[in-house]
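Both ligands and their constituent atoms are indexed starting at 1 by order of listing. Model, not experiment: these values are computed from the prediction. When reading the values below, keep in mind they use all heavy atoms of this one structure, side chains included, and skip hydrogens, waters and symmetry mates.
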Amino acid sequence: MTPRYVLLDRDGVINYDSDQFIKSPQEWQPIPGSLEALALLNEHGYKVVVISNQSGVARGLFDEVALQNIHAKMQDLAADYGANIEAIYYCPHGPEDDCSCRKPKAGMLRQFSQDYQVSLTALPFIGDSLRDIEAAKAVSARPMLVKTGKGCKTLAANPDLNVPVFENLYDAAKFIVKEK
Ligand SMILES: O=P(O)(O)OC[C@@H](O)[C@H]1O[C@@H](OP(=O)(O)O)[C@@H](O)[C@@H](O)[C@@H]1O
């Protein structure tokens with residue numbers, strides 16, 4: 001059976017976000033229910049892929065070793081719930097770097113599609129920011145907004161978004177797995 005995928009933003013969706021960035025494993029703390037959400041998706045045949053902007057690298061706030069250590073903690077805690085994150089794509093560049101991978105550009109989504117030979121059309125992409133939604137729409141994926149992280153601010157600033165909105169990742173995961 002061809003595996004199905006769900007794409008996730010990281011900060012503000014899986015873990016608490018911070019205006020000071022998430023700079024270390026100690027600062028990476030899961031949002032309640034998010035690790036259970038990963039397990040729920042896996043149990044229903046969905047593989048989970050993270051798509052994340054990490055401009056803190058370009059800003060010199062942390063290096064890629066620290067980022068790898070953060071992701072090792074995320075994977076370890078997910079495994080404690082029987083969940084697995086299939087892949088993590090991140091953009092280490094800053095707003096001024098004019099790269100092709102920083103959301104709202106869709107470079108990371110396209111790279112995933114190429115790596116896994118998976119169509120992005122209608123693929124769920126769960127995020128908390130407008131740039132997550134825009135990146136999804138750029139490749140005809142299926143944006144879904146959560147109200148955690150920057151989600152409430154995103155909703156208030158963009159009342160006509162016309163995307164499904166969920167309280168949190170667990171509610172979004174329940175919605176996805178209930179679909180045929
Ligand atoms: O939500 P994802 O993509 O997983 O990661 C977002 C983070 O990389 C950081 O993105 C920054 O945006 P700028 O990169 O400064 O525009 C700020 O919003 C930080 O608060 C936030 O922690």
Side-chain angles (χ1 to χ4, degrees), residues 5-35 37-38 41 48-75 77-78 83 85-113 120 123-139 141-158 161 163 165-170 172-173:
Y5 292 85
V6 173
L7 307 181
L8 302 181
D9 173 49
R10 194 196 86 184
D11 297 332
V13 174
I14 301 174
N15 58 282
Y16 290 106
D17 197 0
S18 165
D19 289 342
Q20 284 70 48
F21 293 67
I22 303 302
K23 303 181 287 300
S24 68
Q26 292 70 25
E27 292 180 4
W28 191 96
Q29 296 297 327
I31 292 170
S34 66
L35 300 176
L38 303 185
L41 289 165
V48 170
V49 172
V50 172
I51 308 281
S52 179
N53 284 353
Q54 288 301 322
S55 69
V57 174
R59 298 172 190 280
L61 298 174
F62 50 89
D63 60 19
E64 294 198 64
V65 172
L67 191 53
Q68 283 148 20
N69 291 335
I70 289 169
H71 290 158
K73 175 180 179 180
M74 179 169 69
Q75 288 278 26
L77 293 184
I85 297 170
E86 179 71 21
I88 300 169
Y89 291 83
Y90 65 85
C91 166
H93 307 115
E96 314 308 320
D97 293 334
D98 195 27
C99 67
S100 61
C101 47
R102 176 180 164 84
K103 297 176 289 185
K105 291 182 182 175
M108 289 187 279
L109 287 85
R110 292 194 176 98
Q111 187 62 56
F112 156 73
S113 175
L120 293 168
L123 203 64
F125 181 15
I126 304 171
D128 67 330
S129 300
L130 181 61
R131 65 190 182 193
D132 300 323
I133 294 169
E134 290 173 337
K137 288 184 174 177
V139 290
R142 184 183 177 199
M144 304 169 97
L145 186 75
V146 288
K147 294 165 74 172
T148 52
K150 297 179 173 67
C152 285
K153 284 184 186 172
T154 301
L155 211 47
N158 304 275
L161 268 184
V163 299
V165 178
F166 300 91
E167 289 299 317
N168 51 49
L169 179 55
Y170 193 76

Worksheet item: Is the backbone N or O of Lys103 less than 3.5 Å from a side-chain atom of Asn53, with the two atoms forming a donor-acceptor pair by type?
Response: yes

Practice prompt. Could you check if a side-chain atom of Ile14 sits within less than 4.5 angstrom of a side-chain atom of Trp28, using non-hydrogen atoms only?
Written response: yes

Practice prompt. Can you measure from CG (Asp9) to CZ (Arg131) and round to the nearest 0.5 angstrom?
Written response: 7.5 Å

Discussion item. For Gly12, state whether at least one heavy atom is located under 4.0 Å from any atom of ligand 1.
Written reply: no

Practice prompt. May I ask you to list the atoms of ligand 1 that are less than 4.0 angstrom from any heavy atom of Asp19?
Written response: 20 (O)

Fill in: For atom 22 (O) of ligand 1, the option (of Asp17, Asp128, Leu8, Ile88) bearing the nearest heavy atom
Asp17

Worksheet item: Out of Asn53, Val13, Asp132, whose heavy atom sits nearest atom 3 (O) of ligand 1?
Response: Asn53

Worksheet item: In ligand 1, which numbered atoms sit nearer than 4.0 Å to a non-hydrogen atom of Asp9?
Response: 1 (O), 2 (P), 3 (O), 4 (O)

Item to complete: Pick whichever of Lys103, Arg10, Arg131, Lys23 has a heavy atom sitting closest to atom 6 (C) of ligand 1.
Response: Arg131

Discussion item. Can you name the atoms of ligand 1, numbered from 1 with element, that are less than 4.0 Å from a heavy atom of Phe21?
Written reply: 9 (C), 11 (C), 15 (O), 22 (O)

Worksheet item: What protein heavy atom sits nearest atom 15 (O) of ligand 1, and how far off is it?
Response: Arg59 NH2, 2.7 Å

Worksheet item: Hey, is the main chain of Gln20 close enough, under 3.5 Å, to the side chain of Ser18 for a donor-acceptor pair?
Response: yes

Worksheet item: Short list, please: which atoms of ligand 1 are under 4.0 Å from a heavy atom of Ser55?
Response: 13 (P), 14 (O), 15 (O)

Fill in: Protein heavy atom at shortest distance from atom 19 (C) of ligand 1
Ser18 O, 3.7 Å

Worksheet item: Okay, side chain of Thr148, backbone of Val13: is any donor-acceptor separation there less than 3.5 Å?
Response: no

Worksheet item: So, Asn15 versus Glu27: side-chain donor-acceptor pair below 3.5 Å or not?
Response: no

Worksheet item: What residue and atom, counting heavy atoms only, is the protein's closest point to atom 7 (C) of ligand 1, and at what distance?
Response: Asp11 OD2, 3.2 Å

Worksheet item: What atoms in ligand 1 come closer than 4.0 Å to a heavy atom of Ser52?
Response: 2 (P), 3 (O), 4 (O), 5 (O)

Practice prompt. Answer yes or no: is there a side-chain heavy-atom contact under 4.5 Å between Leu161 and Thr154?
Written response: yes

Worksheet entry | Backbone of Val65 reached by a side-chain donor or acceptor of Asp63 within 3.5 Å | yes

Practice prompt. Just need the protein heavy atom nearest to atom 13 (P) of ligand 1, so name the residue and atom and give the distance.
Written response: Arg102 NH2, 3.5 Å

Worksheet item: If you measure from the Lys or Arg side-chain nitrogens to the Asp or Glu carboxylate oxygens, is any gap between Asp132 and Arg10 under 4.0 Å?
Response: no

